[in-house]
Amino acid sequence: MERPLTENIRPGEPPLGLREYVERGGYEGLRLALQRTPLEIQREVTESGLRGRGGAGFPTGQKWSFVPMGPDARRPKYLVVNGDEMEPGTMKDRLLLEGDPHALIESTIIASYAIEADAAYIFLRWEYSTAAERLKAALAEAYDAGYVGRAIMGSGYSLEVHLHRSAGRYMCGEESGLLNALEGKRAIPRSKPPFPQAVGLWGQPTVVQNVETICNLRHIIRHGAEWFKGLSLTGEGGTKLYGASGKVRHPGVWELPLGTPLGELLHDHAGGMLPGHRFRGLLPGGASTAFMTPDHLDVAMDFTAPQRVGTRLGTGTMIVLDDRTCPVGLMHNLLRFFARESCGYCTPCREGLPWVARTLAAIEAGDGRESDLDILDHHVRMIRAGHTFCPLAPGAMAPLESALVHFRQDFEQHIRMGACPWR
Amino acid sequence: MPRITINNQVHDIPWEGRNLLEVCLDLGYDVPYFCWHPAMHSVGACRQCAVKQFRDEHDTQGRIVMACMTPATDGTIISTDDPEAVAFRRSVAEWLMVNHPHDCPVCDEGGECHLQDMTVMAGHNYRRYRFTKRTFRNQDLGPFLNHEMNRCIQCYRCTRFYRGYAGGRDFEVLGWHDHVYFGRAADGPLESEFSGNLVEVCPTGVFTDKTLKEHYTRKWDLQTAPSICVHCGLGCNIIAGERYGVLRCIRSRYNDQVNGYFLCDRGRFGYGFVNDEERIRQPLIRNERGELEPCTIEEALWKTSSILRHGRAIGIGSPRASLEANFSLRYLVGEENFHHGMSGRSYQLVREMLAILQQGPAPAASMSAVAQGDAALLLGEDVTNVAPMLGLALRQNILRQPTREALRLPIHEYEDSAIHEAIQVGRGPLYIATPDVTRLDEETPNTYRAAPQDIARFGFAVAHAIDPAAPEVTALPAAVQETAARCAQDLLTSLHPVIVSGFTCGHPDVIHAAANVAWALRRRGKPADLCFTVPECNSLGVALLGGESLNAALQAVRDGTADTVVILENDIIRQMDVDLAEELLERAQHVIVLDHLPSPTTDYADIVLPAATFAESQGTLVNNEGRAQRFLPVFVPQGDVRDSWRWLGDIMVMNGQRGCETWCHLTGVMRLMAETVPALTGVTEITPPPDFRLVGQKIPRQPHRYSGRTAIHADRTVHEPRPPEEVDAPLAYSMEGYPGQPPASLIPRFWAPGWNSGQAVNRYQSHIGGPLKGDSGGVRLIEPPPEAAITYFDHIPDAFVPREDALLVMPDYLIFGSEPLSARSPAIAARTPRPYLGLAPKDMERLGAEEGQVVALLVTGTCYHLPVVARPALPRGVAMLPAGLGNMVALGLPQWGHIEVKREVWD
C-alpha cells in the first residue's frame with residue numbers, strides 16, 4: 001500500500017532536512033512542475049480528482065479554475081495554506097506539518113505556480129509551535145537552496161513564502177475568517193460570493209487550501225493523475241489521513257486509501273474498543289459532523305458514501321463514543337466549544353449556540369426540563385446551512401441533531417432522573 | 001425591466017442590481033431587518049430579513065435566503081409569508097431578545113425603537129430563554145451620547161457607520177461570541193464629528209441622545225415640524241421636536257439631495273440656544289439709567305415706529321435670518337437703505353461665489369452630487385470643521401473610483417462588506433490645499449500646506465495644467481508644480497470631479513482659482529461641479545436679495561445720512577472689525593435690534609425686540625448650492641417672542657407704511673418678495689400654501705398618540721385648552737389632522753403603521769435611497785447655462801512672503817465653538833476647546849515662544865492673550881486663531897497680526 005503523504009515521516013524523530021529530503025526525491029515534483037505551464041498543472045490536478053481535505057471536499061482543480069489567469073489577471077495573487085487545524089478531535093495536518101515540512105513547502109510552491117501566485121502564506125495555528133519551528137527551519141533551507149524566492153530553480157517564476165502564526169480562534173479555520181485574520185482584522189467570515197479567488201487576501205485573487213490537500217500536489221505532479229486515482233478504494237482518488245480518538249485501543253492517525261470502510265478503520269487500525277467499553281457511535285470527521293452508529297460500519301469513508309447516511313467525511317478524524325461516556329456530556333462539551341468560538345457576527349450562531357450550550361449544561365447538571373428538548377429541537381431545525389452567515393453554527397448542530405435522534409433516550413433519562421446517569 | 005414574483009404577486013421593478021429587501025420595502029412588504037441600512041447597505045449579519053426563494057414555479061421546497069443579500073433578478077420567485085421563513089424570522093427575534101434587557105419603559109428609545117417594531121413584526125412574544133442575561137459595563141462617551149451596551153443586539157450598524165461610512169477611528173467592535181462590545185478602547189468623548197448619527201443608526205437604545213435625556217420626552221409626545229439646520233451654510237434638513245415650550249431634540253430629516261440620512265454633531269446637538277436662560281423673551285427698552293428694561297409689546301412698537309418716523313433709518317439684515325425677515329427689513333427701510341449685514345470683505349467673497357455659480361458653466365454641486373462624484377480638489381477649506389456634512393459627502397466621493405473597480409469583479413453595489421474587502425485602502429483622488437491639517441488628510445497623501453495666496457496659485461496652476469488656455473502661474477516651486485500636474489491628471493481621468501472652495505481663506509483669488517479649475521475641466525469635457533462653503537445659513541440668500549455692506553452702513557452713519565440702525569438677528573461685532581462695528585453702533589443715535597439672545601451688539605441697543613428662532617418661526621433659507629428650503633415653526637414661543645418679519649410688519653402698520661397690509665400673512669410677504677426680487681421667484685414653490693388641506697384637514701404637528709393634552713393644565717381647568725392657531729402654514733398645533741403622508745416639505749415626522757422609529761422613512765421614499773414621494777427637496781434658485789462662455793480669471797496673486805514684523809492670522813474654524821448659536825448649547829460648549837494661537841515651529845523659534853506660553857496677539861484692533869500651540873504643518877509666517885470662540889473675531893480674518901512674547905512668566 002502506497003503512503004505518499006507520510007512516506008518521509010518517522011514518528012518520534014525530527015523531520016528530514018533538505019539534503020535527505022532531496023535525496024528521497026524531494027523537490028522533484030517542483031522541478032517537473034516548473035517545466036510545465038500553470039494551466040497544464042491545473043489540468044493534471046483537475047484530472048486527478050483531488051478534493052479538499054479540510055472538511056468540505058471541494059474539488060481542487062475546480063477551485064483553481066476560478067482564479068483569473070494570464071497577463072491581464074489582477075496582481076498580486078496569493079496562495080494561502082490553511083494550517084489552522086482546530087477542529088475538535090483532529091490532528092492530521094499536525095502530523096504533516098511536524099513530520100515533513102519540506103513536503104508542504106514544495107507542494108505550496110507547486111500550488112502557487114499553478115495559479116501564478118506572487119506570494120504564499122502558511123497560516124499556522126498558534127498552538128502548533130513545534131510545527132512552526134520546523135517550518136521556519138525548512139523554509140530557511142528552501143530559500144537558501146533557491147526553491148523559494150526569486151527565479152525558483154532557474155525558472156522565470158518567483159514566489160515569496162511567509163509563515164504566519166495565527167493569534168488563535170476556531171473561526172480562522174474558515175477560509176474567509178482566516179483571510180480577515182491574516183489581514184489583521186477580526187476573524188469574522190466574509191460573504192460569498194465574491195469567493196476568495198476573485199476577492200481574497202487584501203482584496204486580491206487568492207486560493208486557500210488545506211495542508212493535507214496541498215501535500216498531495218507534489219505526488220500528483222510526479223506520478224500523474226491516473227496514479228493518484230488508483231490510490232483510493234473508491235473512485236475519488238488518493239489516500240486520506242484518517243484518525244481516531246476516544247476509548248479505542250489504538251488512537252492515532254493513519255494514511256490509508258480513500259474509501260476505506262468505517263469498520264476497517266475502527267477495528268483494524270484503531271484496534272477496536274478498549275476492554276469493557278461498547279461502541280455506541282462516532283463523529284466521523286471532527287466535531288461538526290453527524291453521528292455514525294454500529295449500523296454504518298460498512299460505509300466506505302470517501303466524500304460521497306457518508307452523505308448517503310446523513311453525515312460527512314469532514315476531516316476524516318473520528319471521535320468515538322462509548323457506552324461509559326455520557327452523550328449529553330459530550331454534546332455539552334462540544335457545544336460549549338462552538339458557542340465560545342462563535343465569532344458573534346450572525347444572530348443564530350451568537351445567540352443560539354450559547355442558549356443550546358446552557359440548556360445542555362442544565363440537563364447534564366440535573367436541572368433539565370421537558371421543554372428543554374423542544375428548545376434543542378428548535379435550534380437544530382432553525383440553525384441550518386443558509387440560515388447562518390457561515391458554516392460554523394450548522395456544523396455545531398450536526399452532531400446535536402443526530403445525537404437527539406440516536407441518543408434521545410439518554411437526554412430524556414437525564415431530565416426524568418434530574419441527574420446524569422453516568423455520574 | 002426585471003419581473004419578480006413576491007407572494008404570488010408579479011411585480012415589474014425598475015432596474016437590476018438591487019437586493020430583494022430593498023425591493024420588498026419599496027413595494028410595501030413588511031420584511032423586518034436590522035443590519036441593513038439604506039445608506040450602508042447589506043452585510044447579512046442579523047439574518048432577520050429571511051424570505052423563501054424558489055428556483056422556479058415547480059419548486060415546492062424553496063430555500064431560506066437573506067433578502068438583503070439576494071439580488072432581485074428577472075424571474076426571481078420569493079415568498080415573504082412562507083411558514084418556514086416566518087418561523088425563522090420569529091426565531092431570530094427570539095434570539096435577539098435573549099440578552100436584551102426588558103427595560104422598554106425606562107429606555108429612551110421606547111416608542112421609536114426599531115427593535116420593538118421588528119420584534120412585533122417578526123411575531124416573537126413569548127420568552128422561553130430561562131437563563132441569566134449577559135451584562136456589560138457602559139462607557140462615558142462624552143456630552144452627546146449615552147451608552148447602554150446591555151441593550152445591544154450586535155447588528156454592527158454602529159461600527160459600520162462610525163468607521164466605514166464616517167471614517168472615525170476611536171470606536172471599535174471588541175470581544176467575541178455572545179460578548180461582542182461596541183465602544184471605545186477607553187472612556188472618552190467620541191472624536192468623530194458625526195457620532196450623533198449613532199442615535200438614529202442604532203436600531204435600539206444603546207446610543208441615545210444625551211442632550212434629550214436632560215429634558216426627556218417620548219417621540220409620541222413630541223410636537224415636531226420640518227426644519228432646516230441653521231448652524232452652517234449647507235442647509236441640512238432636520239426635524240425639531242418640542243414639548244412644554246422646550247426644544248428637546250433634533251433628528252435628521254431625509255433629503256436625498258442634501259444631507260441624506262445624516263447630520264453632523266453641531267447640527268444635532270447645537271439646539272440648546274433655543275432654550276437658553278438668557279433668551280430675550282420680552283421687548284427691552286433702554287431707560288434713563290442706561291439699562292435695558294422690559295416693556296410691553298405696544299410700548300416697544302410705539303417707540304420703535306416713532307424713532308423710525310422721525311429718524312433717517314437704515315436696516316442691517318443678516319445672513320442667518322430668513323429671506324422673509326430680511327426682505328421685511330428691506331421693505332421697512334427701503335431698498336436703498338438696506339444692508340445685508342455682511343462686511344464688505346465677506347460680501348465680496350459671497351458675491352464672487354454667487355456670480356461664478358450664476359454665470360456657469362460649472363453648477364453648484366448638491367451634497368449628493370459631491371458624494372456621487374469621484375474626485376475632489378479642496379482649495380482652502382477644512383470642510384469637516386466649516387461645513388461638516390460636506391466632509392461626510394467627500395468621504396463617500398473618494399470611495400467612488402475604487403467601488404467602481406470592485407463592481408467589475410463583479411460585486412453587487414449593495415454588498416457592503418464585500419465592497420470594502422475588495423477596495424481595502426483604495427481611495428479615489430482627493431487633493432487638499434489648506435493652511436493647516438484637516439480631518440480628511442488621513443484619506444489622502446495629496447496635501448499642500450500654504451498661505452491663501454499660494455493656495456490660489458496652486459489652484460491656478462492646476463487649471464492651467466488642465467487647459468493651457470487658462471492663465472499660467474510662473475515661478476511655482478517644482479514640487480508644487482508637480483502636485484498640480486498630478487492633480488490635473490487625476491481630475492481629468494475622473495468621471496465627475498468636484499472642486500471645493502469657499503470663504504475661510506478670505507481671499508477672492510482662491511475662489512477664482514477654484515472656478516478656473518472647474519471651468520478648465522468643463523472645457524475638456526468633464527462635468528465638473530463647484531461646491532463653495534458660505535459663512536452662514538442664509539449667506540447666499542441674502543446675497544441674492546442684495547443690499548449694501550456693513551462698511552457702507554458705517555459710512556452712512558459717519559456722514560450723517562443715517563442716524564438710526566435697525567439690526568436684524570445679527571451680531572455685527574462678529575461680522576467686521578470690532579473697532580469699526582463699535583464705531584457704527586456708537587455713532588448711531590438709535591439702535592434697534594431684533595434677536596434671540598443678548599450679544600455685544602444688543603449691548604448698544606436702545607430697543608431690543610425678541611425674535612423667534614428657527615424653531616419658533618417660519619422662513620426660507622438658501623444654502624450654499626443656491627437651494628431654497630423652508631423651515632416651519634415647531635412651537636409657539638413663550639413670552640412676547642415673535643417672528644422677525646412680524647415685528648417688522650407691525651412697525652410698518654404702526655407707521656401706516658404703504659403696502660403694510662401684506663404683512664398680515666407670511667405668504668403675502670413671500671409672494672411680494674418673489675415678485676420684487678426676480679432671483680427669488682422660486683421660493684413660493686417650496687411648500688404648499690397655508691390653505692393647503694388633505695381630505696379637508698391640516699397636517700398635525702403632534703402624533704396621534706400624543707398624551708396628556710387635557711391633563712397638563714388640569715390643576716387649573718379640566719377643559720381642553722384651545723390649541724394655538726396657525727395661519728401661515730398648513731400644519732396644526734394639534735394631534736388632529738390628516739393621519740397619512742403629507743407632501744414631503746411638510747413631513748413633521750417619519751412614522752408609518754408598524755414603523756415607529758425613524759426607519760419609517762422607507763415608507764416615504766419613492767424608492768429606497770431616492771427622493772421623498774412627490775418632492776423637489778427644495779428649489780434650486782441658481783442653475784447656470786451649461787454652455788456658458790468661459791472667461792478665465794487672470795489675476796494671479798504673488799506668492800506669499802512671510803513678514804518679519806507680523807504674522808498672517810488665519811481663522812481656524814472649529815466645528816464646536818466657531819458658530820455662535822450652537823456654541824451656546826451646553827453639549828457643544830463642553831466640546832469647545834479653550835482659545836489658543838497656533839504657530840509654525842519656525843515662528844515659535846523666531847519669536848522665542850514656547851508651547852503653552854501665553855502671548856499677546858494684536859489683530860483687527862483687538863488684543864488677545866493666548867497660549868501658543870505648535871502647528872507643525874503650518875507654513876512659516878501664518879498663525880491660526882480659533883475663529884469665533886467666545887467673542888473672538890472670525891470673519892474679519894485673515895489679517896496681519898502682531899505678537900508680543902512676554903519674557904516673564906505669565907500668571
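Numbers restart at 1 for each chain; the letters A, B, ... are given by sequence-line order, proteins then strands.
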Heavy-atom side-chain proximity of [X] to [Y] below 4.5 angstrom:
X: A/Arg169; Y: B/Trp176; answer: yes
X: B/Glu94; Y: A/Glu351; answer: no
X: A/His379; Y: B/Trp95; answer: yes
X: A/Pro348; Y: B/Phe88; answer: yes

Straight-line distance of [X] [atom1] to [Y] [atom2], nearest 0.5 Å:
X: B/Glu421; Y: A/Arg190; atom1: CD; atom2: CZ; answer: 4.0 Å
X: A/Ser191; Y: B/Met69; atom1: OG; atom2: CE; answer: 4.0 Å
X: B/Met66; Y: A/Cys346; atom1: CE; atom2: SG; answer: 8.5 Å
X: A/Met382; Y: B/Arg90; atom1: CE; atom2: CZ; answer: 8.0 Å

Do you see a donor-acceptor pair shorter than 3.5 Å between the side chains of B/Gln424 and A/Gln204?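 Checked: B/Gln424/A/Gln204 side chains show no N/O donor-acceptor pair below 3.5 Å.
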Hey, can you tell me if B/Tyr129 and A/Trp355 have their rings parallel, tilted or perpendicular (30° and 60° cut-offs)?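 Taking A/Trp355 first and then B/Tyr129, their aromatic rings stand perpendicular (interplane angle over 60°).
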Region of [X] that comes under 4.5 Å of a non-hydrogen atom in chain A:
X: B/Ile419; result: neither
X: B/Ile64; result: both
X: B/Val92; result: both
X: B/Gln48; result: neither

Winner by heavy-atom pair count (cut-off under 4.5 Å) against chain A, out of [options]:
options: B/Ser91, B/Cys155, B/Ala406; result: B/Ser91
options: B/Cys46, B/Ala50, B/Cys35; result: B/Cys46
options: B/Thr132, B/Asn99, B/Val65, B/Ile153; result: B/Thr132
options: B/Val173, B/Val425, B/Ile423; result: B/Val173
options: B/Ala87, B/Pro410, B/Ala45; result: B/Ala45

Taking all non-hydrogen atoms of both residues, which atom of [X] and which atom of [Y] are closest, and how far apart?
X: A/Tyr345; Y: B/Val43; value: OH-CB, 3.2 Å
X: B/Arg47; Y: A/Thr388; value: NH2-O, 2.7 Å
X: B/Tyr156; Y: A/Gly344; value: OH-O, 2.7 Å
X: A/Arg350; Y: B/Asp178; value: O-CB, 3.3 Å

Greatest number of heavy atom pairs closer than 4.5 Å to chain B - which of A/Val199, A/Leu179, A/Ile375, A/Leu353: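 Highest number of pairs under 4.5 Å: A/Val199.
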Flag the one option from A/Asp372, A/Asn180, A/Asp374 with the top tally of heavy-atom pairs under 4.5 Å to chain B.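 Sorted descending by pairs with chain B, the first entry is A/Asp372.
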Heavy-atom proximity to chain B below 4.5 Å, by part of [X]:
X: A/Arg74; answer: side chain
X: A/Lys185; answer: side chain
X: A/Thr359; answer: both

Just by distance, do the side chain of B/Arg128 and the backbone of A/Ser371 share a donor-acceptor pair under 3.5 Å?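 Checked: no pair found.
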Under 3.5 Å: donor-acceptor pair, side chain of B/Arg63, backbone of A/Gly386: no
Could you check whether A/Asp367 pairs with B/Arg130 (Lys NZ or Arg NE/NH1/NH2 to Asp/Glu carboxylate O, under 4.0 Å)? yes
